Amino acid sequence: MKHSVFILAGVLLPGLAGLVAGCSQGTGANGTSDLDKITSARESNQLQEDLALATSRYSELLEKGSRTQTALDELRRLHTQWNTEVMALLQSEDGRFLAADEADVKAFRAHVESMNPVSEDTIGNLSTSLNTLIAPVKTAMTEGSVAGMPNPELVTRLADLDVRIQDSLLPYESAVSAIQALAATAKSRGTRGMQTLQQEVDVLKSAEAAARAAKIESARLEAEEEVTQQLAKAEQDLVRVQGEKKRQELESQAHELRAQAEADAIKARATNSDTIKRLAPFVKKTKVIFECYSPSNCRWIPGQTLAAPLSFGALTRLGALEPTQLGFEQLQSVATSYENDRPKWGSADTPEDWERVKDNQKLLRELGPTLVELGHLAP
């Protein structure tokens with residue numbers, strides 16, 4: 001096999017000086033001095049050692065690439081299984097076994113909503129990146145063209161890619177395994193629900209939404225009652241003082257009370273757990289920021305010193321808050337971008353998915369200024 005390597009300059013070591021001093025300066029029969037033979041042998045040994053070390057490093061890279069490819073293949077398999085088996089439970093007869101038990105419905109929904117499924121395009125991009133990185137390593141090993149140690153940047157990029165794939169794979173492994181166990185236990189009970197699993201999930205969501213609305217309404221009524229009581233007291237004061245100035249002051253106070261009550265209600269809505277969860281792709285603080293000066297001039301910038309949420313102004317300048325289909329698509333793109341290391345929304349493949357995006361955009365438009373004021377969004 002032909003090997004191409006970097007020629008390393010020879011260095012005369014201190015210990016070699018004595019050896020050279022003790023050698024005869026004569027030449028052999030072929031005209032080569034003893035010193036030249038010693039130097040040539042040492043250089044040959046060093047080059048062989050360097051080549052062996054470099055070849056070992058290339059072999060390690062190939063093994064690393066093989067393990068990463070195995071993880072990527074498993075990610076692709078679980079991604080397909082998630083779409084064709086797990087999500088099919090929502091409408092299938094097997095899913096009715098889960099629909100028969102409210103606890104199973106809640107558990108299934110929790111696993112699904114905690115998942116951040118990757119897209120087919122993302123898996124394709126990961127595969128392309130892996131092939132691009134490992135191709136020169138395979139070529140060098142196959143053609144025997146190992147020349148020096150592998151490029152450190154290639155080593156780093158391959159390690160980073162492996163981490164990305166593992167981070168995407170682990171949630172699939174956990175969720176698929178948990179839902180398979182749930183489905184098997186439910187099926188062993190043998191009781192089918194009257195409705196599909198999707199219908200039961202919708203019932204659960206409706207009940208939770210009603211409970212949230214009732215809580216908000218209760219808070220609003222309490223605030224209005226307090227305002228009413230203070231207005232009544234103000235009216236009594238007006239009767240006592242019989243002064244227009246005092247009446248105006250009291251009316252102003254009442255207006256301020258109403259405004260404060262409304263502001264408190266908005267803040268309570270902006271900070272409740274449901275809002276924070278729905279807007280997690282924007283309010284989660286990380287060291288990746290999103291800058292946008294126009295819809296065609298935006299970029300993700302990782303590696304910031306301080307963690308921060310996404311910029312409300314950047315989303316506005318992108319057009320992601322416009323109540324149009326393009327606006328919904330822009331917002332979905334930001335919420336699912338692989339460069340956004342915050343929790344992600346699921347893919348939007350159905351009209352119901354786009355209704356969810358539309359509702360979340362409306363929530364973001366309504367509460368955005370308050371979220372900026374409270375520090376949950378950057379300006």
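Because the structure is predicted, anything quoted here is derived from the model rather than measured.
Using a 4.5 Å cut-off between side-chain heavy atoms of Ile, Leu, Val, Met, Phe, Trp and Tyr, with links allowed through other members, Val112 and Leu78 fall into the same hydrophobic cluster. Follow the hydrophobic side-chain contacts under 4.5 Å out from Met87 and you never reach Trp354; the two are in separate clusters. When the side chains of ILVMFWY residues are joined at heavy-atom separations under 4.5 Å, either directly or via intervening members, Val118 and Val334 end up in two distinct hydrophobic clusters. Grouping the Ile, Leu, Val, Met, Phe, Trp and Tyr side chains by contacts below 4.5 angstrom, directly or via other members, places Leu133 with Leu62. Residues Leu374 and Leu364 do not share a hydrophobic cluster, clusters being chains of Ile/Leu/Val/Met/Phe/Trp/Tyr side chains in contact below 4.5 Å.
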Distance-only criterion, 3.5 Å: show the donor-acceptor pairs between side-chain atoms of residues 259-269 and protein atoms not counting sequence neighbours.
unit_1: Gln260; atom_1: NE2; unit_2: Asp264; atom_2: OD1; d: 2.8
unit_1: Arg269; atom_1: NH1; unit_2: Glu366; atom_2: OE1; d: 3.0
unit_1: Arg269; atom_1: NH2; unit_2: Glu366; atom_2: OE1; d: 2.9

List the atom pairs, with distances to 0.1 Å, where a side-chain N or O of residues 300-323 and a protein N or O form a donor-acceptor pair under 3.5 Å, not counting sequence neighbours.
unit_1: Ser311; atom_1: OG; unit_2: Gly313; atom_2: N; d: 3.3
unit_1: Ser311; atom_1: OG; unit_2: Ala314; atom_2: N; d: 3.0
unit_1: Ser311; atom_1: OG; unit_2: Pro379; atom_2: O; d: 2.6
unit_1: Thr316; atom_1: OG1; unit_2: Phe312; atom_2: O; d: 2.9
unit_1: Arg317; atom_1: NE; unit_2: Cys292; atom_2: O; d: 2.5
unit_1: Arg317; atom_1: NH2; unit_2: Cys292; atom_2: O; d: 3.4

Side chains of residues 282-291: which donor-acceptor partners sit under 3.5 Å, not counting sequence neighbours?
unit_1: Thr286; atom_1: OG1; unit_2: Val288; atom_2: N; d: 3.2
unit_1: Thr286; atom_1: OG1; unit_2: Asp341; atom_2: OD1; d: 2.8
unit_1: Thr286; atom_1: OG1; unit_2: Arg342; atom_2: NH2; d: 3.3
unit_1: Glu291; atom_1: OE1; unit_2: Tyr293; atom_2: OH; d: 3.2
unit_1: Glu291; atom_1: OE1; unit_2: Arg299; atom_2: NE; d: 3.3
unit_1: Glu291; atom_1: OE1; unit_2: Arg299; atom_2: NH2; d: 3.2

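Screening residues 84-111 for ring-ring contact (aromatic ring centres under 6.0 Å, His included) gives no qualifying pairs among residues at least two apart or on separate chains.
In this view, Lys106 and Glu102 satisfy the salt bridge (Lys or Arg N to Asp or Glu O under 4.0 Å) rule, not counting sequence neighbours. Listed by chain and number, the residues in a salt bridge (Lys or Arg N to Asp or Glu O under 4.0 Å) with Asp101 amount to none (sequence neighbours excluded).
Nearest heavy-atom pair across Thr191 and Ala100 is O-CB, 3.3 Å. Between Val176 and Val86, the shortest heavy-atom contact is CG2-CG2, 4.4 Å. The two residues Ala186 and Asp104 come nearest to each other via the heavy atoms CB-OD2, 3.7 Å.
For the pair Glu200/Arg109, no side-chain contact is recorded, criterion being any heavy-atom separation below 4.5 Å from C-beta on. Here the side chains of Leu72 and Thr68 are not in contact, with every heavy-atom distance at 4.5 Å or above. The shortest distance between side-chain heavy atoms of Arg96 and Leu89 does not fall below 4.5 Å. Side chains of Thr196 and Leu90 form no contact here, defined as non-hydrogen atoms less than 4.5 Å apart. Between Gln195 and Val203, some side-chain heavy-atom pair lies under the 4.5 Å cut-off. Proximity of Val201 to Lys205: side-chain heavy atoms (C-beta onward) are separated by under 4.5 Å at one or more points. Residues Arg76 and Asp73 meet the side-chain proximity criterion, which asks for heavy atoms closer than 4.5 Å. Proximity of Gln81 to Tyr172: side-chain heavy atoms (C-beta onward) are nowhere separated by under 4.5 Å.
Distance check, rounded to the nearest 0.5 Å: CG of Asp202 to CD of Gln199 gives 7.5 Å. His79 contributes atom NE2, which lies 13.0 Å from atom CG of Leu169 (distance to the nearest 0.5 angstrom). Here the CD atom belonging to Gln332 is positioned 11.0 Å from the OG atom belonging to Ser337, to the nearest 0.5 angstrom. The line from CG of Leu197 to CG of Leu204 is 10.5 Å long, rounded to the nearest 0.5 Å. Atom-to-atom distance recorded for Glu173:CD and Leu75:CG is 9.0 Å, nearest 0.5 angstrom. Here the OG-CD distance, from Ser347 to Glu120, works out to 10.0 Å after rounding to the nearest 0.5 Å.
In this structure, Asp160 does not pair ionically with Arg164, as no charged nitrogen and carboxylate oxygen lie closer than 4.0 Å. Salt-bridge formation is not detected for the pair Arg356/Asp359: no Lys NZ or Arg NE/NH1/NH2 atom is positioned less than 4.0 Å from an Asp or Glu carboxylate oxygen.
Asn272 and Thr275 share a donor-acceptor pair across their side chains, judged by distance under 3.5 Å alone. Between the side chains of Asp121 and Ser119, no donor-acceptor pair is found at a separation under 3.5 Å.
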*Please lay out, stage by stage, how Leu279 and Leu363 fare under the test side chain to side chain contact (heavy atoms under 4.5 Å, CB included).*
CA-CA 9 Å; Leu279 302 183; Leu363 184 68; 4.2 Å; yes
*asked:* Show, in sequence, the C-alpha distance, side-chain angles and deciding distance for Ser333 and Glu329, and conclude whether the side chain to side chain contact (heavy atoms under 4.5 Å, CB included) test is met.
replied: CA-CA 6 Å; Ser333 176; Glu329 291 172 359; over 6 Å; no
_Working for side-chain hydrogen bond (donor to acceptor under 3.5 Å, both in side chains), residues Asp94 and Ser92_ = CA-CA 5 Å; Asp94 283 346; Ser92 70; 5.3 Å; no
*So Thr336 and Thr122, side chain to side chain contact (heavy atoms under 4.5 Å, CB included) or not? Walk me through it.*
CA-CA 10 Å; Thr336 58; Thr122 297; over 6 Å; no
*asked:* Checking Thr228 against Lys233 for the side chain to side chain contact (heavy atoms under 4.5 Å, CB included) test, could you report, in this order, the C-alpha distance in whole Å, the side-chain angles of both residues, the deciding distance, and whether it holds?
replied: CA-CA 9 Å; Thr228 300; Lys233 183 178 181 301; over 6 Å; no
*Would Asp353 and Thr350 satisfy side-chain hydrogen bond (donor to acceptor under 3.5 Å, both in side chains), going step by step from the backbone distance to the final call?*
CA-CA 5 Å; Asp353 292 337; Thr350 66; 3.1 Å; yes
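In this structure, Ser174 contributes its side chain and Leu170 its backbone to no donor-acceptor pair below 3.5 Å. In this structure, the side chain of Asn116 engages the main chain of Lys344 through a donor-acceptor pair within 3.5 Å. Put simply, the side chain of Asn340 gets close to the backbone of Pro281: a donor and an acceptor are under 3.5 Å apart. At distances below 3.5 Å, at least one donor-acceptor pair connects side-chain atoms of Thr128 with backbone N or O atoms of Gly124.
Within a 6.0 Å sphere centred on CZ of Arg157, heavy atoms belonging to other residues, nucleotides or ligands number 12 at most. Residue Lys187 places its NZ atom among 12 or fewer non-hydrogen atoms of other residues, nucleotides or ligands, all under 6.0 Å distant.
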